[in-house]
Amino acid sequence: GNGYMDGKELQNFIQELQQARKKAGLDLTPEMKAFVDQYGKAADGKIGIVELAQILPTEENFLLFFRCQQLKSSEDFMQTWRKYDSDHSGFIDSEELKSFLKDLLQKANKQIEDSKLTEYTEIMLRMFDANNDGKLELTELARLLPVQENFLIKFQGVKMCAKEFNKAFEMYDQDGNGYIDEHELDALLKDLCEKNKKELDINNLATYKKSIMALSDGGKLYRAELALILCAEEN
């Protein structure tokens with residue numbers, strides 16, 4: 001559940017892919033063969049669902065289209081999230097997701113019937129809604145990002161419980177104005193990088209900051225937005 005396959009997971013997937021194609025009387029497509037050649041022997045590779053989608057023999061692979069047209073970086077992803085999480089609830093529900101897909105297809109100059117749009121929305125929810133609550137959280141939708149761009153994967157290992165997060169927020173909101181600005185975020189991230197050197201690379205500090213600030217409201221990063229990155233869910 002870390003957002004990508006690697007090691008034994010990847011090897012098992014490749015084995016099952018080959019067996020399934022053979023059982024169906026089908027050879028591997030050229031794209032699949034190239035994929036197997038690249039990842040079949042190395043157990044240290046990582047691949048996310050968007051990279052994996054490149055081997056799908058389908059005409060309407062809107063996952064790849066979304067990545068290529070909309071998501072050039074994690075910063076773009078965060079800005080897109082802000083746009084479609086219009087009520088700032090911390091998740092995108094089915095109606096927000098439907099609007100998101102409609103805009104996406106219009107940008108590609110594709111006309112689509114409402115019934116097909118509803119079908120695409122349901123497919124996206126089935127693919128990415130890990131906890132089956134009928135809505136997509138930030139980390140779930142982030143699987144649209146290529147693994148190397150998905151900085152949220154790095155932050156999975158440094159998330160805090162609500163009590164710790166609130167304490168940290170108040171500590172770094174030095175002027176007590178209820179939000180964290182770019183300079184305060186810089187200080188927070190530097191400390192996080194120092195404490196979590198295995199997960200976070202201080203050399204990527206500028207990228208982390210830029211991506212997280214894309215969630216801000218005019219340079220003001222409020223508690224709810226920062227919580228999406230740093231606060232672990234509690235059952």
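Heads up: numbering here begins at 1 and tracks the sequence. Quick caveat, the model's predicted, so the values are computed rather than measured.
- At a threshold of 4.5 Å between non-hydrogen side-chain atoms, the residues F35 and I14 count as touching.
- Minimum interatomic distance between C231 and A162 (heavy atoms only, all atoms of both residues): SG-CA, 3.8 Å.
- Minimum interatomic distance between I180 and L226 (heavy atoms only, all atoms of both residues): CD1-CD2, 3.7 Å.
- Residues G219 and M213 approach most closely at O-CE, 3.5 Å, considering heavy atoms.
- Of all heavy-atom pairs spanning A142 and L152, the tightest one is CB-CD1, 3.5 Å.
- Q11 contributes atom CD, which lies 10.0 Å from atom CG of D6 (distance to the nearest 0.5 angstrom).
- Of the charged side-chain nitrogens involved, none lies within less than 4.0 Å of a carboxylate oxygen, so that K98 and E95 do not count as a salt-bridged pair.
- Counting all heavy atoms, side chain and backbone alike, E199 lies closest to G157 at OE2-O, 4.1 Å.
- For the pair R82 and E225, the salt-bridge criterion is met [side-chain N within less than 4.0 Å of a carboxylate O].
- At least one side-chain heavy atom of M124 sits under 4.5 Å from a side-chain heavy atom of L141.
- In summary, of the residues considered (W81, Y120, Y84), a ring pair (Phe, Tyr, Trp, His ring centres under 6.0 Å) with F100 occurs for Y84 alone.
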Tell me, with the steps shown, if E184 and L188 meet side-chain contact (heavy atoms from CB on, under 4.5 Å).
-> CA-CA 6 Å; E184 291 167 333; L188 188 159; over 6 Å; no

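- For the residue pair T121 and S94, the shortest heavy atom distance occurs at CG2-O, 3.6 Å.
- I123 and F91 end up in different hydrophobic clusters when Ile, Leu, Val, Met, Phe, Trp and Tyr side chains are linked at under 4.5 Å.
- Expressed to the nearest 0.5 Å, how far CG of L228 lies from CD of E137 amounts to 9.0 Å.
- When side chains are defined from C-beta on, E140 counts as touching N131, because their heavy atoms get closer than 4.5 Å.
- Taking the side chain as every heavy atom from C-beta outward, K159 and F165 never approach each other to under 4.5 Å.
- Within the 4.5 Å cutoff, side-chain heavy atoms of F155 are placed close to those of L200.
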